[in-house]
A.B. asks: 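Take a look at the following structure, please.
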Protein chains: 2
Amino acid sequence: MRVHERNYRQYCGLAAGLDAVGERWTLLVVRELLLGPRRYNELLADLPGIGTNLLADRLKKLCALGVAERFDSGAGHAYRLGPRGAELRPTVLALSKWGVGLLGEPSADMVTRPHWALLAVQAMADASVLPELCESYEFQVDDEIFHLTVAGGTVSVQRGPAAHAVLRIHTDATTFIRIGAGALGPFEALATGMLTMSGERDAVLRCAGILGLRDRSGSPEAR
Amino acid sequence: MRVHERNYRQYCGLAAGLDAVGERWTLLVVRELLLGPRRYNELLADLPGIGTNLLADRLKKLCALGVAERFDSGAGHAYRLGPRGAELRPTVLALSKWGVGLLGEPSADMVTRPHWALLAVQAMADASVLPELCESYEFQVDDEIFHLTVAGGTVSVQRGPAAHAVLRIHTDATTFIRIGAGALGPFEALATGMLTMSGERDAVLRCAGILGLRDRSGSPEAR
DNA sequence: CTGCATCCGCCTCGATACTG
DNA sequence: CAGTATCGAGGCGGATGCAG
């Protein structure tokens, strides 16, 4: 393991935060754990290119910080978010929301995981635009099912199907992120069949409003 | 310059954000620019250890992304935040707020800058705890003067003196961050003279409330 | 078979020297 | 003042090996 850890030596919250989770891959590990417990090999599979020693080092440091913690899970053990890890959610969501604007069209060598859409929805959703609204939308992205509930100007996103969804949306992970990235308009995706839905017709407008989505009027901006 | 930029190759907002500003020193450069325009040598002075080539590389990349931009400033040129840079403020504040909890007592080899306190206040301030409040507080941290204005459940932090402050606070940068880090109670700092203030006596309680500060009742936790 | 540790080549980083 | 050039050290990425 490292003997002389590299740190900024600045008495500042941001520098301390970066010393803790600013190294390469670290926040991506946190992202995975934000979406539920994960085994070591599952993390390896969803973080292609990380290298086994790096993942072990990062997990060790995250556990030492209280961001993550190891626990027994039947066969072997797994990792889940620790107390300090949950408090990283606003940071991860803020950077996700900012970074999605930099995504153009996906290139062939990029990987996508359906559960990342769960994070994307949390980052995009803002219920304050429709404070009076109170309803649920269900998403199926590849084989991942989750739902978004709006109530009293706040949103919550959870895994699994919704009890009473006014709208059910079905698409694949790449299409989903493309819409979030603005590379594809939501109604264009609907028209071309890349996205299908069932439920109340009007609800799609409210759902798009909550997610801050608008169809692009001009030409698609590839990069 | 680098030829083969290292990136995560994930179609995900967080990964894209980290590809852009996740490298070492980058977010600290953004922090400096969030507090106003800076010259190259000023950045070097406030980021000890960065190395001249690294700073040049980071600035070049930030300019290419639209996070920063170069402009003429009388004598020579300087750097300021670009359009994409302002949108990074929530991310920087979120990580600052999280990271400040990891700061213990300052060690001898750590540097502190008074203008970092400006960021710390923005990260800590939450006016929703006192939605009816409408007043200003002025801070002088070393030679840096700024003020916090609360109105209608929102806060704004700006450089310079306040027009009508109900409270004026004077301290040094290290003490200020120690209080934010929880290593020193605000009223303890006041009692020991490390922090002085003038204005309405009651306002200090409201100000501490806005900043989420509470005196520690137990023993100081050094690390 | 999962969960790492070790080893090695390469690229980023950090420091210094140097130039417009 | 504002960077560029250079070079050693170390973090990173990939392959392999080994223990529970």
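All chains are named by letter (A, B, ...) in the order of the sequence lines, taking the proteins before the strands, and each is independently numbered beginning at 1. Just so you know, these numbers come straight off a predicted model, no measurement behind them.
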A.B. asks: Classify the ring geometry between B:F146 and B:F139 as parallel (under 30°), tilted (30 to 60°) or perpendicular (over 60°).
C.D. replies: parallel
A.B. asks: Given atom CG of B:L44 and atom C1' of D:dG3, what is their separation to the nearest angstrom?
C.D. replies: 9 Å
A.B. asks: In whole Å, I'd like the distance from the CG atom of B:L59 to the C1' atom of D:dG3.
C.D. replies: 10 Å
A.B. asks: Would a 4.5 Å heavy-atom cut-off, applied to side chains only, mark A:L44 and A:N41 as touching?
C.D. replies: yes
A.B. asks: Taking atom C1' of D:dA2 as reference, at what distance in whole Å does atom CG of B:N41 sit?
C.D. replies: 6 Å
A.B. asks: Are the side chains of B:R159 and B:L35 in touch, meaning some heavy atoms are under 4.5 Å apart?
C.D. replies: yes
A.B. asks: Strictly below 4.0 Å, N to O, side chains only: are A:E23 and B:R24 in salt-bridge contact?
C.D. replies: no
A.B. asks: Got a sec, which residues hit salt bridge (charged side-chain N to carboxylate O under 4.0 Å, His left out) with B:R178, two or more places apart in sequence or on another chain?
C.D. replies: B:E105
A.B. asks: List in numerical order all residues of residues 71-81 of chain B for which some heavy atom is under 4.0 Å away from an atom belonging to DNA chain D.
C.D. replies: B:H77, B:Y79
A.B. asks: Checking B:Y8 side chain against A:W25 main chain: does a donor-acceptor pair fall under 3.5 Å?
C.D. replies: yes
A.B. asks: Should the pair A:R39 and A:Y79 be classed as cation-pi, given the thresholds of under 6.0 Å to the six-membered ring centre and 45° from the axis?
C.D. replies: no
A.B. asks: Round to the nearest Å and state the distance from A:L55 atom CG to D:dG11 atom P.
C.D. replies: 18 Å
A.B. asks: Is there a side-chain polar atom (N or O) of A:R39 under 4.0 Å from OP1 or OP2 of C:dG3?
C.D. replies: yes
A.B. asks: Pick from B:R9, B:E5, B:Q10: which one makes a side-chain hydrogen bond (donor to acceptor under 3.5 Å, both in side chains) with B:N7?
C.D. replies: B:R9
A.B. asks: Working to the nearest 0.5 Å, report the span between CG of B:L184 and CG of B:L195.
C.D. replies: 8.5 Å
A.B. asks: Give me the atom names and distance for the closest heavy-atom approach of B:A173 to B:P114.
C.D. replies: CB-CA, 3.7 Å
A.B. asks: Report, as a single string ordered 5' to 3', how protein heavy atoms within less than 4.0 Å touch nucleotides 14-20 of chain C: B base, S sugar-phosphate only, - not at all.
C.D. replies: BBBB---
A.B. asks: If I take atom CG in residue B:N7 and atom P in nucleotide D:dC12, what distance separates them, rounded to the nearest angstrom?
C.D. replies: 16 Å
A.B. asks: Output the single nucleotide from D:dT4, C:dA5, D:dC12 whose closest atom is nearest the side chain of A:A56.
C.D. replies: C:dA5
A.B. asks: Taking only the side-chain heavy atoms of A:E23 (C-beta and beyond), determine which of D:dC1, D:dC12, C:dC4 contains the nearest atom.
C.D. replies: D:dC12
A.B. asks: Tell me the interatomic distance from B:L43, atom CG, to D:dG3, atom P, rounded to whole angstroms.
C.D. replies: 10 Å
A.B. asks: Please give the angle, rounded to 10 degrees, between the axes at the start and the end of the helix from C:dC1-D:dG20 to C:dG20-D:dC1, where five pairs define each axis.
C.D. replies: 30°
A.B. asks: Listed in order of residue number, which residues of residues 10-19 of chain B have a non-hydrogen atom at under 4.0 Å from DNA chain C?
C.D. replies: none
A.B. asks: B:K60 side chain N/O closer than 4.0 Å to the phosphate oxygens (OP1, OP2) of D:dT4?
C.D. replies: yes
A.B. asks: Could you tell me if the side chain of A:I169 sits less than 4.5 Å from the side chain of A:V141, heavy atoms only?
C.D. replies: no
A.B. asks: Anything under 3.5 Å between a donor and an acceptor, one on a side chain of residues 92-104 of chain B, the other on a protein residue two or more places apart or in another chain? List them.
C.D. replies:
residue, atom, partner, partner atom, Å
B:S96, OG, B:V92, O, 2.8
B:W98, NE1, A:R84, O, 3.0

A.B. asks: Counting N and O atoms only, with roles assigned by atom type, does the side chain of A:H147 sit under 3.5 Å from a partner on the main chain of A:S136, one being a donor and the other an acceptor?
C.D. replies: no
A.B. asks: Roughly how many Å is it from CZ in B:R58 to P in D:dG3, rounded to a whole number?
C.D. replies: 16 Å
A.B. asks: Could you tell me the separation between the CG atom of B:L34 and the CG atom of B:L88, rounded to the nearest 0.5 Å?
C.D. replies: 7.5 Å
A.B. asks: Would you mind reading off the distance between B:E5 atom CD and C:dC13 atom P, rounded to a whole angstrom?
C.D. replies: 10 Å
